[in-house]
Each structure stands twice: as C-alpha cells, then as structure tokens.
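The model shown is predicted, which means the values in this text are computed figures rather than measured ones.
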Amino acid sequence: MLKKSLPYLFWLFLLACFLVGSGMLFLQSNAGQRWVSRQVNDYVSKIFQTTFHAQIRYRIPDWLEFQDVYLADQNQDTLLAVKSLRLDLDVWDIWNKKISVDQLILENGYVRLVDQNYQFLLAPSPSTDTTSAGWPITFEKIQVKNTKIDWKDPQTNAKSWIGHLETTISILPTQYRVGSIKLENAKFQVTRADVPTTSPSPDTTTGELPDLQLTDLHAKNLDWLVAQKGNPGWSTHGKADRLHIRVKSLDLPALQGELEAIQGRFPVLAWGEERLEDIQMDVPQIGFTPEKQHLWVRGLGFKHPKGLEITTGFQVNHSAKSIQISQFRAQTPDSDIRLEGKIQSPSHLPWSSLSPEDWILKLDNPFGKIAWRDLHVFFPDLLPSQAGHIRFTHAIQGDGKTWHIQNIQYEGPSGSRLALSGKIRQTVDWKTISGRIQLKELSLPDARWHALVPKNIRTTYQLPGTDRIIVTGK
C-alpha cells in the first residue's frame, strides 16, 4: 500500500513546490509587486480610514522600499509625503524575537504635524498584533535627506529643514539608545504664541521621561530662530558652522548627566538688538544633577559688532546653597580682568531666593586692566573716547550683615588714583547706604575722570570719619 502511495506523494510534493515557487516568482515580479502595493494601500486606508498610497518594491529577504508615499490625516490634509523610504532588513532575527534594520534611508520627505493630527495612528486597533510589542528594535544606520518637518499646536509653531541626518537607534523595552548623530545643512524655526499668564496651561503630561542614552553630536551648517510673541516678546537667532557635543552619561528620568565636550564655531548669535559674531566655544565639562551643577568653559571667544574681540574662560559650581566662580578671565587685545568669588546662603534657604544684603559673599579681583577705549565701546554715551587704561583690584567679603572692603585700588588715565577700605552696611537701597570708609588716597589731576558722572549732575559723597568729596559733572 505504501509503495503504491509513494509516487502520488512525490508528485504532490513537486506540485506544492511548483505552486510555492510560482507564487514566490510572481511576488518578486513587477506585476506581483504592483499587486502587493494595491493590497497594502487598501489595507492601510481601511484600517485608518484615510488616504494612503505607495509603490512597494522589495527583494525578499534583503530589502524593502516604499516610493512616492502619501498619507493623509483624517481631515484629508497631508500628514506624510516621502519620495523614497528604503529598509535593508535582517529578517532572520525575527526568529530570535527581535527586529533588526541594517539601514533605513528616507529621502525628500515632508512631515506635517498640526494640532495632533497624528493621534489616530497611535490609537490601538482591535486587530493589532501585540506579540512583538516587547521585542527590541535596532536601526544600525538611519539616514534622512532633504526632509521638512512642520509642527503646530496652540502654543508653538515650529519648522525644520534637514539636509542630512545620520545616526543609529536601539529601542529596548525600557530604554532608547541613540548613537553618534551627524547633522548637516539644517534649519530650525520656532515661534511661541503670546499665552496670557492667567490662562490655564494645557495638560501636557506624558508620564515619565524616557530612559534615553546618547553618545555624541556632530553638526555642520545649522541655522535657527526662536521667537516669543507678546509684550514684551523676544527672539534669538544664530548660525553654527560646526558643533560637537560628546555625552559621557545622560539620565533624563533622574535629570542628571555629564557632557565631556562642547566645541563649536558660530558666525553669528543674536538676541533682540544685541549681536555677537565669530564665536569660538570650548567647553570641556558640564555636569548636572537636581542638586548641583558644574560648568567649565576653557575658552569662549567672540567679536563685538563694533570690532572689539573678547576671549574668556571660567568655572562655575552651583547648588541651592551657593554659587562659586573660579578662574574667571576676560581679555581683549588691551584689557585683562580676573575674578574669583562665591555667594553662599547663611541658612537652609537657597541663596538665589535671598536679598543681596543677606548673602555671605567673598569676591576677589586680583588683577584688572581695562582700556578706556574698550569701555567707550560699551558706554559710548557715558564715557568719551580717550587714551589710557584703568587698573584696579578689589577684595570684598560679606557676612550677611556688612560688606568688608579690604582692598579697593584704582589707577586711571593721567595719574588718577583712588584707594580706600572700610565697612558698608548692606542694603539694596543705595540711597540709604551707611558705613565707615577710610580714604587712603585720592588723586584726580585730569577732569576726564568726571566722565564717569553723567553730565549736569552734582553729587556729594559723605564718607564718615574721613573727608567730604564733591564731584561736578561737566
């Protein structure tokens, strides 16, 4: 009986192989791919009750490509339009319960996100298969080219243009990992609406922040503009020729992290009527937690619109109880200022919530030299242009009640000199300031010293226990 059945089983097996092979050949053919495209278009349109169409090309099991993709929102306005979206797949990883995409390339795309018109895509479908919901998803390489993204809601109107973006992404059940990001030829524009402070803010709660891991960012040729409408409103815009940010650690849920480097060159950075040019930045370290923050600026150089070139560097350690500035140095070709200082709270309250008269303060300026013409750049209406330098030092300490002036020395143009020390009762109202000042030296041989006093103002300073000084502006 078995011997008689074997020939039939053999021919049945050959027929099954022929049918499967014919089906595979059909699916791989142009006609088969057009048929698959129609089925997918009809299925997506039916599931989401909107317009969707795309031409689908593939080579099983290597790659899948969507061409001329169009997806409308439920108002039949454009939500997504893409010229080409290609995925190079590793389908065998599905057997290991993970999804691997060797490469994703998106070219000539447009994404329009207006008033949450994408929410219907996030709503769960009754027929959704959840068996793979917890599978890790890996994109070994993502490239986005020539893509525009629009975002609009009642408070924000944002537009972005991406010339070239390249990165890697791993989506795990409890974590997102983003590899090195390369961004070139991009523009960002954000406008915030004038929202009255008395208006209730919309509920934007989205749960806890995701556990996001980043490595570094390399960017070239960036433009941005950020504006807040209203009265008063504000705006800032700038350009970056290059920008490099290297991340050592980042924990968004805990709001803590450490950056190992921020380096860049910005041809222009402007806010309101102010503008800086040719900015060079070198920041070796930024660390932050909810309790304390640390910033080290090794080098920051820029050019004032009137041609003054300035370089600076400093370190800042900040916590709720204190802020400390060390190794501060600002230089121009003719000026040099150095500074060390610390502000501390005398109680459990944050230092920033206290009035200045309550601070425990230590401020030391071991060396200062300012060219008079540099001052004239910043105060052209107050200070006339003249040659010479102002050299000064000071050391000031505050114990929460009194400022102790230990070393105030001034040396200005044409032999002007001032030296004093003493104690001043701290108060925010400088009209009622009180204390005792010991005047050690005062020499004003040149009337140009009076340029520090506005014109047509006669001011009297009473220094208890010493002298009475009258300065008349001319």
Do the side chains of Asp150 and Lys152 get close enough for a salt bridge, i.e. N-O under 4.0 angstrom?
no

Is the backbone N or O of Gly398 less than 3.5 Å from a side-chain atom of Trp359, with the two atoms forming a donor-acceptor pair by type?
no

Intermediate values then yes/no, side-chain contact (heavy atoms from CB on, under 4.5 Å), Ile390 and Phe392
CA-CA 7 Å; Ile390 297 175; Phe392 59 91; 4.1 Å; yes

Would you mind checking if Lys182 and Glu184 are paired as a salt bridge, meaning a charged N to carboxylate O distance below 4.0 Å?
no

Check whether any side-chain N or O of Ser45 sits under 3.5 Å from a backbone N or O of Asn41 as a donor-acceptor pair, and report yes or no.
yes

Pairing residues for Tyr110 by the ring-ring contact (aromatic ring centres under 6.0 Å, His included) criterion, not counting sequence neighbours
none

Side chains of Asp374 and Thr332: donor-acceptor distance under 3.5 Å anywhere?
yes

Hey, is Asp334 close enough to Lys369 for a salt bridge, meaning N to O under 4.0 Å?
no

Assess whether a salt bridge exists between Arg57 and Glu65, defined as any Lys/Arg side-chain N lying under 4.0 Å from an Asp/Glu carboxylate O.
yes

Strictly below 4.0 Å, N to O, side chains only: are Asp102 and Lys141 in salt-bridge contact?
no

For Asp77, does its backbone N or O pair with a side-chain atom of Asn75 as donor and acceptor, under 3.5 Å?
no

Looking at Lys220 and Asp241, is any side-chain nitrogen of the basic one under 4.0 Å from a carboxylate oxygen of the acidic one?
no

Establish, from distance only, whether the side-chain atoms of Thr191 and Asn157 form a donor-acceptor pair under 3.5 Å.
no

Distance only, no hydrogens: is a donor on one side chain within 3.5 Å (strictly under) of an acceptor on the other, for Glu258 and Gln285?
yes

Determine whether Glu140 and Ser100 satisfy the following criterion, side-chain contact (heavy atoms from CB on, under 4.5 Å), listing intermediate values before the conclusion.
CA-CA 8 Å; Glu140 294 293 339; Ser100 297; 5.9 Å; no

Do Ser180 and Asp216 pass the side chain to side chain donor-acceptor pair (under 3.5 Å) test, and can you show the C-alpha distance, the side-chain angles, and the key distance before you say yes or no?
CA-CA 5 Å; Ser180 177; Asp216 58 359; 2.9 Å; yes

Side chains of Gln397 and His404 only: does a donor on one sit below 3.5 Å from an acceptor on the other?
no

Donor-acceptor contact present, side-chain Asn365 to main-chain Arg338, <3.5 Å
yes

For the residue pair Tyr118 and Trp151, does the interplanar ring angle fall in the parallel (under 30°), tilted (30 to 60°) or perpendicular (over 60°) class?
tilted

Criterion side-chain contact (heavy atoms from CB on, under 4.5 Å) on Tyr70 and Thr78, from CA distance to verdict:
CA-CA 8 Å; Tyr70 179 83; Thr78 300; 3.3 Å; yes

Lys148, NZ: over 12 other non-hydrogen atoms inside 6.0 angstrom:
yes

Salt-bridge contact Lys83-Asp68 (side-chain N to carboxylate O under 4.0 Å):
yes

Report yes or no: does Thr289 contribute a side-chain atom to a donor-acceptor pair with the main-chain N or O of Lys292 at less than 3.5 Å?
yes

Using a strict threshold of under 4.0 Å (side-chain N to carboxylate O), is an ion pair present between Arg298 and Asp282?
yes

